There are 2 protein chains.
Amino acid sequence: MRLVIARCAVDYEGRLSAHLPMATRLIMVKRDGCVAIHADGGAYKPLNWMNSPNVVVEAPGRWMVTNPKGEQLIITIDEVLSDSSHELGVDPGLQKDGVEAHLQELLAGACHTLEDGMILVRREHRTEIGPVDLLCRDASGRAVAIEIKRRGEIDGVEQLVRYLEFMERDPALRPVRGMFVAQVIKPQAKTLAAERGIICVEVDYDALRGIERAQTSLF
Amino acid sequence: MRLVIARCAVDYEGRLSAHLPMATRLIMVKRDGCVAIHADGGAYKPLNWMNSPNVVVEAPGRWMVTNPKGEQLIITIDEVLSDSSHELGVDPGLQKDGVEAHLQELLAGACHTLEDGMILVRREHRTEIGPVDLLCRDASGRAVAIEIKRRGEIDGVEQLVRYLEFMERDPALRPVRGMFVAQVIKPQAKTLAAERGIICVEVDYDALRGIERAQTSLF
DNA sequence: GTGTATATCTCGGGG
DNA sequence: CCCCGAGGTATACAC
């Protein structure tokens, strides 16, 4: 990784046009070629950047970064205050826990906790308009479309409504019930769900992990 | 701005749990206190971070960063390879051009290009639920609500559907047609739009700018 | 402050 | 490769 502190002006031409007047900034160049220009504030987002794949052409006082889509980043350098390179090696990467994917995984293996007698048909059931998280059958054999969110907000309910609308056309599924599952569901979302006949279920992530652990330990 | 190259492990506990095993990385600390841990690849997004406002407590071999929401970032440092600080000053900031606002401006002045005989009534027409980008009348005098996006995706169609629902209640407007305009419209969005009786129009930004230039040069 | 709409979103997965 | 959905989305702006 190369770190350059320099007085520079930057122009980006691509999906939009953006211009940075001359000032002192950090220019970060990573091994994959991506370039980011950082100011001394404003969260982690750089002021300007160009992701890889790209080509960096470095002339005195002027860097030109271009990518295959024809986007261009031009850095005009007035003065270099510091220029250092560091060997970082390959990063082992981030381990995440607690995201929606894991919640879906847990619920796929324990959908009876959502409702007595519920049985999983498949995950990521495809409709014309996108994939439903879980397709199940309830105790009476009726199809249930389940949308899972970490946080239950109104757009999640709208998403499920769309899926239901298209699934209702499938004679093999019709009639389809809807179920909206999240760790926390906002009042707004509950109201809309109730209006659309969709059942809301709030689940406890840690409790579900407990169930998983208990089930695993049986074998 | 402080730049530290160090062998470190990082743990984040907050909206999720995330762990970074020990490896060599860049730790960037900006003047507003925000901390970002970068690997030598992977676009501009850091592996882990904590935005301001936060509090950084630095002990030997262990940094603890906490924010008012109770989220916590713990950096365990094995070895510091480089540690430098730089005075950058306040950044004059980024100037942007070419976003959705400009597209709306161009189309407001050339809505006949969307459909023959279309006339602008007003921009940002207020409904109970938010402003519609353009309100027009078609050749037959019927009201047309137009939603403009740079990229036409499904939530843009949903947005327009909501507006139409409320506009239909206004006797002075009813019945209202819907038109969804973007440079590119995704298949999913087209499907939903068709379902809702909304017309999709894809427009060429550069061609529109050409029309604007031609019109301007007449005066 | 809360909610809404945008973003050069970024990032990952699946066809 | 594009399409699609999630994100510790972040960020700006309206109310």
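In the text below, chain A, chain B and the rest are named by the order of the sequence lines, each starting its count at 1. All of these numbers come straight from a predicted model, not from anything done at the bench.
- Computed from coordinates, the Asn48(A) CG to dT10(C) P distance equals 12 Å when rounded to whole Å.
- Each of Ala18(B) and Glu128(A) has a nearest nucleotide on DNA chain D; the 5'-most of these lies closest to Glu128(A).
- One finds a side-chain N or O of Arg150(B) lying less than 4.0 angstrom from the OP1 or OP2 phosphate oxygen of dC9(C).
- Following rounding to the nearest Å, Lys69(B) (NZ) and dT2(C) (C1') show an atom-to-atom distance of 13 Å.
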- Item | From CA spacing to verdict: side chain to side chain contact (heavy atoms under 4.5 Å, CB included), Glu71(A), Leu73(A) | CA-CA 7 Å; Glu71(A) 296 171 279; Leu73(A) 190 72; over 6 Å; no
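- With dG8(D), dT8(C), dG5(D) as the choices, the nucleotide that has an atom nearest any side-chain atom of Gln188(B) turns out to be dG5(D).
- Summarising the geometry, atom CG belonging to Leu192(B) is positioned 5.5 Å from atom CD belonging to Glu158(B); distances are rounded to the nearest 0.5 Å.
- Residue contacts for Glu153(A): at a heavy-atom cut-off of 4.0 Å it reaches no nucleic acid atom on any strand shown.
- Within the 3.5 Å criterion, the main-chain N or O of Val132(B) finds no donor-acceptor partner in the side chain of Glu147(B).
- Within 6.0 Å of CZ in Arg169(B) there are more than 12 heavy atoms belonging to other residues, nucleotides or ligands.
- Taking only side-chain nitrogens and oxygens, Lys149(B) comes nearer than 4.0 Å to OP1 or OP2 of dT6(C).
- With rounding to the nearest 0.5 angstrom, the CD1 atom of Ile129(A) is 12.5 Å from the CE atom of Met167(A).
- In Glu128(A), the CD atom is not crowded: 12 or fewer heavy atoms of neighbouring residues, nucleotides or ligands sit closer than 6.0 Å.
- Remark: the separation of the P atoms in dG8(D) and dA5(C) is 23 Å, to the nearest Å.
- Under the salt bridge (charged side-chain N to carboxylate O under 4.0 Å, His left out) rule, Asp78(A) has a single partner from Arg25(A), Arg7(A), Arg62(A), which is Arg7(A).
- Rounded to an integer number of Å, the gap from Ile37(B) CD1 to dG8(D) C1' is 13 Å.
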- Base-contact (B) and sugar-phosphate-only (S) positions in nucleotides 10-15 of chain D, heavy-atom cut-off under 4.0 Å, - elsewhere: SS---S
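- When the C1' atom of dA5(C) is taken as reference, atom CD1 of Ile148(B) falls 15 Å away, rounded to whole Å.
- Closest heavy-atom contact between Ile185(B) and Ala189(B): CG2-CB, 3.9 Å.
- Taking atom CG of residue Asp11(A) and atom P of nucleotide dT8(C), one finds them 16 Å apart after rounding to whole Å.
- Atom NE2 in His38(B) sits roughly 11 Å away from atom P in dC11(C) (whole-Å rounding).
- With dA6(D), dC3(D), dG8(D) as the candidates, the nucleotide lying closest to the side chain of Lys96(A) is dG8(D).
- Residue contacts for Gly14(B): at a heavy-atom cut-off of 4.0 Å it reaches no nucleic acid atom on any strand shown.
- For the pair Asp133(B) CG and dA5(C) C1', the interatomic distance rounds to 10 Å; values are reported in whole Å.
- A pairwise comparison of heavy atoms in Leu164(A) and Arg177(A) identifies CD2-O, 3.6 Å as the closest pair.
- We find that Glu58(A) and Arg2(A) are joined by a salt bridge, their nearest charged nitrogen and carboxylate oxygen being less than 4.0 Å apart.
- Within 4.0 Å (heavy atoms only), Leu47(B) reaches no atom of the nucleic acid at all.
- Not a single donor-acceptor pair under 3.5 Å links the side chain of Arg151(B) to the backbone N or O of Val184(B).
- Mapping Pro46(B) and Glu71(A) onto DNA chain C via the closest heavy atom, the residue that lands nearer the 5' end is Glu71(A).
- Residue contacts shown for Met50(B) include a base, since a base heavy atom lies under 4.0 Å away.
- Atom pair Asn54(A):CG and dT10(C):P shows a separation of 13 Å (rounding to whole Å applied).
- A heavy atom lying under 4.0 Å from DNA chain C marks the following residues of residues 155-163 of chain B, by number: Gln159(B), Arg162(B), Tyr163(B).
- Checking dC3(D), dC9(C), dG5(D) against the side-chain heavy atoms of Arg151(B) singles out dC9(C) as nearest.
- Rounded to whole Å, the separation between the C1' atoms of dT10(C) and dT6(C) comes to 14 Å.
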